[in-house]
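All residue numbers in this chain count up from 1 along the given sequence. Counting starts at 1 for both ligands and their atoms, in listed order. When reading the values below, keep in mind they use all heavy atoms of this one structure, side chains included, and skip hydrogens, waters and symmetry mates.
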Amino acid sequence: MKKTNRPPQSHQNSPREKRRHTDLLNSSAPARGAVEINEIIERVLSRRTFVRGSAAFGMAALVSGGLPVLSAHSAARNLLSFKAVTANRRDSVTVPPGYSWDVVLSWGDELWSASQPFDEHTGGTGSSQEMAVGDNNDGMYLFSHEGRSILALNNEYANRPTLFGNRDDDRPQTPDDVRKGMAAHGVTICEISQTKDKWSIVKDSAFNRRITPTTPMHITGPAAGHDLMKTLADPTGTQTLGTWANCANGHTPWGTYLTCEENFDGYFTQEDDDEDISDELERYGFGSKDWGYNWASSDERFDLHKNPNEPNRVGYVVEIDPFDPKSTPKKRTALGRFKHENAELVINKDGRVVVYMGDDERGEFLYRFISDRKYVEGGDNRDLLDSGQLYAAKFHDDLRGEWLALTPETTDMETQAEICIHTRQAASEVGATTMDRPESIAAHPATSEVYCSLTNNKHRGKKTNRGDDEMPVGGPNPRRKNKYGQIVRWRSDEGDHTKTGFDWQLFVLAGNPTVHDDARKGSPNINADNMFNSPDGLKFDQRGILWIQTDGKTSNKGHYAGMGNNQMLAADPVSGEIRRFLVGPKKCEITGLTWSFDRRTMFVGIQHPGERGKSHFPNGGTRVPRSSIIAIKRDDGGLIG
Ligand code: FEO
Ligand code: CA
Ligand code: CA
């Protein structure tokens, strides 16, 4: 989700900004404060040391799990075998020659026979939305279960101009509008199947389910029952309602889905503007007004004055059993409370569960959770995510880093519960490294390398984060007023994800070499044919290809000239080569990536086509734009991941 999903604001450049762009583009002199690219390459991009280290860990142990995978050897020989797609501004999806795409589902599609057909003039009603696919699909995972394909997908937020397109100001006006807006959020679980080569929803499947901001949930882990979690409606501090702002995701080897609560603050309102917002809430961005959803008008939980602890009950990773529609989702507080992007879970070689997580806000941190207990295949792994240790990352300039444990002793907080609720403040206290908006994290399937998108940070080198921590230029955040973003990777000592120390390096610095000569031109693996900005979603396929999805500026002008619409690229982690695989429709963000069990279909999310701009994706003509999931296949029926 863009950090610009705030009350309407202009994204047009001011005349002054336009002048500045022109000056910049006409000048060959590096901009003030610009860093020479060679200096950064020397410091944090040199591939030699890191790749030598990778070879030591080897590409030999690809885990197949009985699935058709290429051998590590052949994968390494020919990782990127498609023809690159050219940047463009079409209102459609572009994939390479030899590949085809098709829509699987869209916002508003019916999940049951009793659902009402989508009405694009009204955007539906509260009751129709509760029985249909939610809006703005983001992270997703396709589970296979006894030969059936169960898709769990996040519905991150609502596109008000389409959801409330029947209202003058694109805002909810009636209680039913608010109900519809709430139901557009959360998680959709649905069975999908393939008939005559086309994937679509299996209506009335026993697995179909909507999880919304009103679905009952358990609060588990260290923060459960703490005084800060108690409300009038729940004096136990252990039962809550719903999940929202579900950005990206994770999944577990015991068959559950992890949905990550990100921009959860924008839904709360404080009627009395003069009443102070506490430091604790300010750290998470809470203000006195919501972002136009008006939930507090129907549900007192969203009134900060009446329910000051309600905000403490959101901002977690929520675990859902996709195979049991009656199961109660669990908010796993042990994984901390922050603006969670995704939850990348690996089983360490000693059996403990390690979860890597980013906090997507300027100058926030990277986190790691290590479970106390070990994963046992076929055993009772249900509550593994309830007890363990949380850490925040510190990156040193010498390409070494360490994980700093967040404990009562290190954070000056009284209990682990408090650390799990005020996690940002705890990580500030230990001196973790302020990052350029950590988005998605992806672990390589065979080596112990882990990659994280640092999407951009216009405040780098200029301002502090919300907790007044400095954001100096340096380490994995080497550019002032970082417009384009970068991807950092690290490898734990001895290939053991539970070790304290790690080596790190930048994998790519995004940039625009057709406009800039300084560090803003990007690293050597960026060129005029593959440039992009704002890397966001990251995922490895089983062959070891790193897929990069973007959520960036699509003006195609100035600093972003030649980059076109948001896109998905494939990267070879060994050679560093990056190639553009897909371009999305106008004003969309590419979100979510998963595969069919036979690895012959890749599913990709197209989120908010036409956000603040015209799009008629996917139906064309004058139809309203709808967030959708597409299926991509090779025309020869071959493997695609
Ligand atoms: Fe929902 Fe950080 O993207
Ligand atoms: Ca994202
Ligand atoms: Ca983003």
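For atom 2 (Fe) of ligand 1, the nearest N, O or S atom contributed by Asp360 is named OD2. Atom 1 (Fe) of ligand 1 is closest to atom OE2 of Glu156 (considering only N, O or S atoms).
Among the atoms of Asp536, an N, O or S atom is found under 3.0 Å from the Ca ion (ligand 2). Among the atoms of Glu439, an N, O or S atom falls under 2.8 Å of atom 2 (Fe) of ligand 1. For Glu341, the nearest N, O or S atom to the Ca ion (ligand 2) falls under 3.0 Å.
Judged by a 6.0 Å distance limit and a 45° cone about the ring axis, Arg332 is not positioned over the six-membered ring of Phe369. Cation-pi check for Arg171 over Phe164 is not met; the charged atom does not lie both under 6.0 angstrom from the ring centroid and within 45 degrees of its normal.
Around atom 2 (Fe) of ligand 1, the angle linking Glu262 (OE2) with Glu341 (OE1) is 80°, rounded to 10 degrees.
Summarising the geometry, atom CG belonging to Asp551 is positioned 10.0 Å from atom CD1 belonging to Ile590; distances are rounded to the nearest 0.5 Å.
Remark: of the listed residues Lys458, Arg480, Arg460, Arg460 is the sole one forming a salt bridge (Lys or Arg N to Asp or Glu O under 4.0 Å) with Asp436.
Using a 4.0 Å cut-off between a side-chain N of Lys or Arg and a carboxylate O of Asp or Glu, Glu341 and Arg437 do not qualify as a salt bridge.
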